[in-house]
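Note sheet for the following structure.
Chain letters run A, B, ... following the sequence lines, proteins first, then strands; residues in each count from 1. Predicted, not measured: the structure shown is a model, and the values here were computed from it.
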Number of protein chains: 2
Amino acid sequence: MSTPQDTSERLLDAAEKLFARFGLDSASLRQITGEAGANLAAVNYHFGSKQKLVRAVIERRLRPINELRLARLDALEAAGEPLELRDVVESFIEPALSVGLHDGREFFVFIARAHGNPSPELREIVHNEMQPIAQRYGAALGKCLPELTLEQLFWRVHFVIGALCHTVINSELLEEVTEGLCRADDRDKMLQRLVDFSVAGFSGPVVGEV
Amino acid sequence: MSTPQDTSERLLDAAEKLFARFGLDSASLRQITGEAGANLAAVNYHFGSKQKLVRAVIERRLRPINELRLARLDALEAAGEPLELRDVVESFIEPALSVGLHDGREFFVFIARAHGNPSPELREIVHNEMQPIAQRYGAALGKCLPELTLEQLFWRVHFVIGALCHTVINSELLEEVTEGLCRADDRDKMLQRLVDFSVAGFSGPVVGEV
DNA sequence: GACGACTTCGAACGTGCGTTTGAATCATAC
DNA sequence: GTATGATTCAAACGCACGTTCGAAGTCGTC
């Protein structure tokens, strides 16, 4: 009716937008179908249930991001021998921020928020998509940082993901708190800041050991 | 009925636990009052509304944590001249993890999750509690890291908070993914890992500048 | 032992939710 | 132009939610 794409596509866009803005539970099917210019029953017709709509929203964006990550990591490993830490870190962070820049701005907020969602179904979806990524990057980072134990390495990956998610979710809050000093819309600078921080965090010494 | 404390206390405990486990929206008053062994109407009688219960849950724990942070920071500034970065970082992270160790395990998961909640009321609560903390730590860290601009500094604070929240929320997921290599229950090690990472992240050079 | 304030209780209210249904509409091929 | 399958539609379903209310209970004080 309103936008040229077909209904499924419009439902995905609307859901992505409203999930990001109001959260999974608070965004109702009435809101979503209204935003998409579709009938209330459209979601259940096209996707079967709200739960399956959630899955579709995630997979539509996360899959290409992770394919991009793996492709860039493949390229790095194929090209140079030394495998620079900074390149590996960037190949992980940049595709996410990049997709966040054109289409998937809303999705990126949503998926970062979803990391904190307690629902087991949602956890399972994210887990399935992220598990192979974790393995590949664990191996690649291990080569760059041979002085770290695998356990220390995984913790630091965990911290970086936390910083990444929090950044996407709450950078507007940071802009508020710093009274405009830190800009939430300058994604390039955000990326540089985050990569600087992450590379340093990965490279840091192990001080407090038991 | 069941536990010795009075009803308000039991409601706060139950709410904290269920908010952490199921999220703010999914944990219903029927669940909460059931868990607390109280009548459904008890929350509205003692707190006025669900929203005010949320506020009470947050303030009960966050206030002491932030007082502890400021006290430790005061002590550091009163004592030694140089003001070591690691001490400052630890004075921020440790009180939170410490409270998380005995009473406030559940709360800590909840408050970290709340960081990603879109509700404006919740944002305002957290904002009010955290704003003075941000200012004090901004100043203290600025002294330790004079080579950073204030903007760079605030970004790194933001990243550390992200890592901290994500760690508390999702360390069980990390334990799953690493198949037990990283333990979610060893808070001491978590603290050391996180402090190591954060100090290194703060100290890192500014590489990618425009 | 009756008063009063404080607390608990069961029951109900209105609202919004996800889902289902069956008829209406549309598009396409014959 | 009509038959067929896919899609859209309005309406209703049952359910769980937060909140409200007045009666019932509790307990210290006179």
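Distances from the side chain of A:Asn44 to the nucleotides D:dT7, C:dT20, D:dG18 place C:dT20 closest. Among C:dG10, D:dG18, D:dC9, the nucleotide with an atom closest to any side-chain atom of B:Asn39 is C:dG10. Among D:dT7, D:dA10, C:dT7, the nucleotide with an atom closest to any side-chain atom of A:His46 is D:dT7.
Within 3.5 Å, a donor on the side chain of B:Arg30 pairs with an acceptor on the base of D:dG18, or the reverse.
Here C:dG18 presents its P atom at 11 Å from CG of A:Leu24, a figure rounded to the nearest Å. Atom P of nucleotide C:dC17 and atom CD1 of A:Ile32 are separated by 10 Å, given to the nearest angstrom. Distance, A:Leu11 CG to D:dT7 C1': 12 Å, rounded to whole Å. Straight-line distance from the CG atom of A:Asp6 to the P atom of D:dA6: 16 Å, rounded to whole Å. For A:Tyr45 and D:dG5, the OH to P distance is 13 Å, given to the nearest whole Å. Spacing between atom CZ of A:Phe22 and atom P of C:dC17 amounts to 12 Å, rounded to whole angstrom units. Distance A:Leu53 CG to C:dG18 C1': 12 Å, rounded to the nearest Å. Rounded to an integer number of Å, the gap from A:Asp25 CG to C:dC17 P is 12 Å.
Residues A:Asn44 and A:Leu29 have side chains in contact (heavy-atom distance under 4.5 Å, counting atoms from C-beta outward). You'll find the side chain of A:Glu124 reaches within 4.5 Å of the side chain of A:Arg55, heavy atoms only.
Between atom NZ of residue A:Lys17 and atom CD1 of residue A:Ile32 there is a gap of 12.0 Å, rounded to the nearest 0.5 Å.
For B:Thr7 and C:dT8, the shortest distance from a side-chain N or O to OP1 or OP2 is below 4.0 Å. In terms of phosphate contacts, B:Ser28 brings a side-chain nitrogen or oxygen within less than 4.0 Å of OP1 or OP2 of D:dC17.
Comparing A:Ala38 and B:Gln51 by the nucleotide of DNA chain D that holds the closest heavy atom to each, the one mapping nearer the 5' end is A:Ala38. The 5' end of DNA chain C is approached more closely, in terms of each residue's nearest nucleotide, by B:Leu40 than by the other of B:Leu40 and A:Leu29.
Salt-bridge formation is detected for the pair B:Arg136/B:Asp74: a Lys NZ or Arg NE/NH1/NH2 atom is positioned less than 4.0 Å from an Asp or Glu carboxylate oxygen.
Taking the six-membered ring where the residue is Trp, A:Phe197 and B:Phe159 present tilted rings, their angle falling between 30° and 60°.
Residue B:Ala41 is classed as a base contact, given a heavy-atom separation below 4.0 Å to a base.
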